[in-house]
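First comes the structure, then the notes that go with it.
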Amino acid sequence: MKRTQIKDALQSTNYNNPITIAGWVRTKRDSKGGFSFIELNDGSSFQNIQVIADESIPNYTSDILKLTAGCSIAVQGTLVESPAQGQSVEVKANSVSVIGLADPESYPLQKKRHSFEFLRQIAHLRPRTNTFGAIARVRNALSFAIHQFFQDNGFFYLHSPIITGSDCEGAGEMFRVTTFDLNNIPRVDGAIDFSQDFFGKSTNLTVSGQLEAEIYALALGNVYTFGPTFRAENSNTSRHLSEFWMVEPEMAFCDLQQDCETAEKFLKFIIRETMEKCPDEMAFFNKFIDNQIVETLGHILNSPFEIIPYKEALAMLQKANVTFEYPLGWEHGFQAEHERYLTEELVKKPVIIIDFPKEIKAFYMRRNDDGQTVAAMDILFPHIGEIVGGSQREERYDVLKNRILELGLHIEDYWWYLELRQFGSVEHAGFGLGFDRLVQFISGMKNIRDIIPFPRTPQNADF
RNA sequence: UCCCCUGUAGCUCAGUCGGUAGAGCGAGUGGCUGUUAACCACUAUGUCGUUGGUUCGAGUCCAACCGGGGGAGCCA
């Protein structure tokens with residue numbers, strides 16, 4: 001079907017010319033004057049278009065009067081200026097063909113507000129609502145902005161593997177990948193014989209593309225991954241998913257300071273782009289989801305991020321006259337309440353904490369000269385806490401090897417990671433951004449399960 | 001995994017002291033109207049999450065289980 005998207009029809013001034021549109025009926029109002037108003041949405045924009053259908057259309061009584069929310073129709077007609085308030089253009093229909101009916105007695109979406117918990121149970125229909133349509137378009141705009149930023153700044157998009165044989169990712173519980181018959185698992189002396197499994201070894205779904213990104217950064221310079229990531233943690237919160245999307249840039253010839261600068265530039269670019277591309281969606285979120293969100297985002301765009309070493313941030317929190325539920329201490333790290341107090345009350349803008357105690361950070365982060373801290377950074381946003389975590393990577397062979405041994409990790413698993421430090425090693429750095437959490441933040445939505453189209457969480461993999 | 005809350009009509013919820021169930025929205029029918037969260041009138045909603053227990057009697061009290069939500073931890 002050749003059709004005009006409603007997004008384009010609404011912006012057109014090509015009045016009194018033929019137009020074909022198609023979409024799903026949001027609501028219909030009948031006039032006994034012999035015509036009906038149909039609010040039609042095709043997903044191309046937040047806005048509906050109003051269709052005027054009158055009784056001169058042959059199937060007016062048989063079809064049009066029976067239309068209800070959820071029906072799909074195609075309309076041929078004329079784009080006209082609207083004589084009434086509320087919309088500038090509308091479509092005067094010459095013909096309306098019903099493509100698919102939706103029985104109002106059983107169609108779950110009503111012309112009223114539904115709870116997000118209810119909509120989660122009908123994930124196949126929820127994208128037809130204002131909120132979930134808006135989220136899908138914001139997700140798209142944000143994805144595109146991410147690619148645009150990196151492509152414009154000399155990064156290559158890297159497809160890091162989904163299935164990994166590395167045991168050394170160490171970022172949480174992993175999902176096993178196997179083709180074994182679970183009722184008959186091959187064993188040798190009681191132990192599972194992975195040599196008979198599909199890959200001839202134990203494999204899992206990736207928890208991070210960072211280590212692979214380092215490989216390519218040390219060949220192409222700047223790369224980024226943007227793909228799904230899997231964590232088998234039994235965490236049941238509004239901020240966790242078992243399957244989520246992560247962005248991980250990695251840059252060669254780059255230290256922690258440049259890493260922070262890039263991350264700040266990156267975040268500001270993708271937020272600004274998304275706000276500019278989705279004004280209707282942002283206005284909706286600000287009105288119905290979180291009436292602070294546009295202000296909060298504007299504040300972030302206009303504030304230089306404040307870089308504070310962990311040691312100083314700790315001192316600031318200890319000096320603050322506040323009782324926290326969890327104790328503060330060099331070795332404790334910061335809890336969510338500490339992070340939020342720091343960025344919301346003490347600094348009142350985004351904060352980048354750097355130089356963390358080495359004990360609370362990963363083995364691959366570069367040891368600082370003080371011997372106590374590593375060149376790590378966390379970016380904290382008001383109201384949400386950590387949005388980005390990154391570091392300069394340890395590029396010195398001996399230092400990295402000693403750290404792996406010190407932590408009792410299996411050194412043989414890291415042979416290729418260590419070889420990168422033996423052959424043309426250079427300083428490099430990167431960071432990770434939880435994509436869904438950023439969508440959550442930008443939209444003001446409370447639960448990450450309402451941010452991703454089909455959430456996977458413990459005990460839930462429906463649709 | 002731990003703590004707290006919750007489960008009643010299609011949806012959102014009320015239901016007092018234990019006495020066999022209610023509202024709004026949605027739906028249907030009729031009326032009215034260039035309407036736009038339309039409006040007005042009327043009509044029908046039901047295994048009160050499941051199982052068991054206490055009681056003359058349980059939506060209500062007790063126990064277990066199941067589902068949902070919030071918070072914490074882990075993290076992105």
Side-chain angles (χ1 to χ4, degrees), chain A residues 26-40 47-54 66 68-70 80-87 90 92 102-122 125 129-130 169-173 206-210 228-248 287-288 325-326 332-337 339 360-362 378-381 384-390 431-441 446-452 457-460 462:
Chain A
R26 283 295 177 83
T27 179
K28 176 186 59 112
R29 297 174 291 275
D30 300 320
S31 166
K32 278 298 181 294
F35 51 95
S36 298
F37 303 95
I38 303 166
E39 292 283 334
L40 198 65
Q47 306 284 341
N48 306 324
I49 200 163
Q50 177 164 279
V51 174
I52 316 302
D54 69 39
K66 292 176 181 160
T68 53
V80 297
E81 282 184 276
S82 177
Q85 298 292 312
Q87 59 280 318
E90 60 191 32
K92 176 95 171 63
D103 175 16
E105 291 283 3
S106 52
Y107 184 60
L109 290 176
Q110 303 171 351
K111 196 176 56 181
K112 57 167 287 191
R113 200 162 178 171
H114 292 288
S115 69
F116 293 135
E117 291 80 8
F118 171 68
L119 292 172
R120 248 170 252 161
Q121 296 163 25
I122 50 168
L125 296 172
T129 64
N130 284 335
E169 304 203 19
E173 294 295 311
T206 184
V207 292
S208 165
Q210 180 199 315
T229 308
F230 307 87
R231 303 274 169 93
E233 301 285 355
N234 187 15
S235 37
N236 222 311
T237 80
S238 56
R239 302 178 307 283
H240 288 85
L241 292 165
S242 306
E243 176 184 283
F244 62 99
W245 287 66
M246 190 152 67
V247 180
E248 294 177 293
K287 188 170 178 190
F288 289 106
E325 189 183 341
Y326 290 87
H332 291 317
F334 295 145
Q335 303 292 330
E337 59 171 347
E339 293 178 345
I360 61 174
K361 287 293 184 182
D378 279 359
I379 301 184
L380 310 180
F381 273 5
I384 190 169
E386 184 182 339
I387 188 81
V388 158
F431 59 87
L433 167 78
F435 177 74
D436 311 275
R437 283 193 182 170
L438 187 60
V439 178
Q440 188 180 2
F441 179 64
K446 297 290 176 288
N447 198 315
I448 202 166
R449 296 168 194 205
D450 301 323
I451 285 304
I452 195 163
T457 54
Q459 298 300 312
N460 177 23
D462 290 338

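Below, chains carry the letters A, B, ... as their sequence lines are ordered, and counting in each starts from 1. These figures come from a predicted structure and were not determined experimentally. What's counted below: heavy atoms across the whole structure, side chains too, no hydrogens, waters or symmetry copies.
A:His240 comes within contact range of at least one nucleobase, with a heavy-atom separation under 4.0 Å. Among the protein residues, A:Phe37 comes within range of the nucleic acid bases, having at least one heavy atom under 4.0 Å from a base atom. As judged by a 4.0 angstrom heavy-atom cut-off over every strand, A:Asp436 is placed among residues making no nucleic acid contact.
Nearest-nucleotide assignment on RNA chain B puts the 5′-proximal partner with A:Glu337, out of A:Glu337 and A:Ser242.
Using cut-offs of 30° and 60° on the angle between ring planes, the pair A:His114 and A:Phe118 is tilted.
Between A:Asp30 atom CG and B:rG30 atom C1' there is a gap of 13 Å when expressed in whole angstrom units. Distance CG (A:Asp450) to P (B:rG68): 14 Å, rounded to an integer number of Å. Between the CD atom of A:Glu105 and the P atom of B:rU45 there is a distance of 13 Å, rounded to whole Å.
Comparing the P positions of B:rU12 and B:rC17 gives an interatomic distance of 26 Å, to the nearest angstrom. Comparing the same atom, P, in B:rA63 and in B:rG69 gives a spacing of 24 Å after rounding to whole Å.
Within the model, atoms OG of A:Ser208 and CD of A:Glu248 stand 3.5 Å from one another, a figure rounded to the nearest 0.5 Å.
The base of B:rG67 is not paired with the side chain of A:Gln121 by any donor and acceptor separated by under 3.5 Å.
Which of B:rG26, B:rU35, B:rC74 sits closest to the side chain of A:Ala84 comes down to B:rU35. For A:Pro104, whose side chain is taken as the heavy atoms from C-beta onward, the closest listed nucleotide among B:rG28, B:rG34, B:rG70 is B:rG28. The side chain of A:Gln110 has B:rG10 as its nearest neighbour among B:rG69, B:rG10, B:rG34. Taking every side-chain heavy atom of A:Thr68 into account, B:rG28 is the closest of B:rG28, B:rU1, B:rC74. With distances taken from any side-chain atom of A:Ser31 to the nucleotides B:rC11, B:rG69, B:rU33, the minimum falls on B:rU33.
Residues A:Asp436 and A:Arg449 are not paired through a salt bridge, judged by the lack of any N-O separation under 4.0 Å between the basic side chain and the carboxylate. Salt-bridge check for A:Glu39 with A:Arg29: passed, with a basic side-chain N closer than 4.0 Å to an acidic carboxylate O.
Taking the O4'-C1'-N9-C4 or O4'-C1'-N1-C2 dihedral as appropriate, B:rU54 has a value more than 90° from 0 and is therefore anti.
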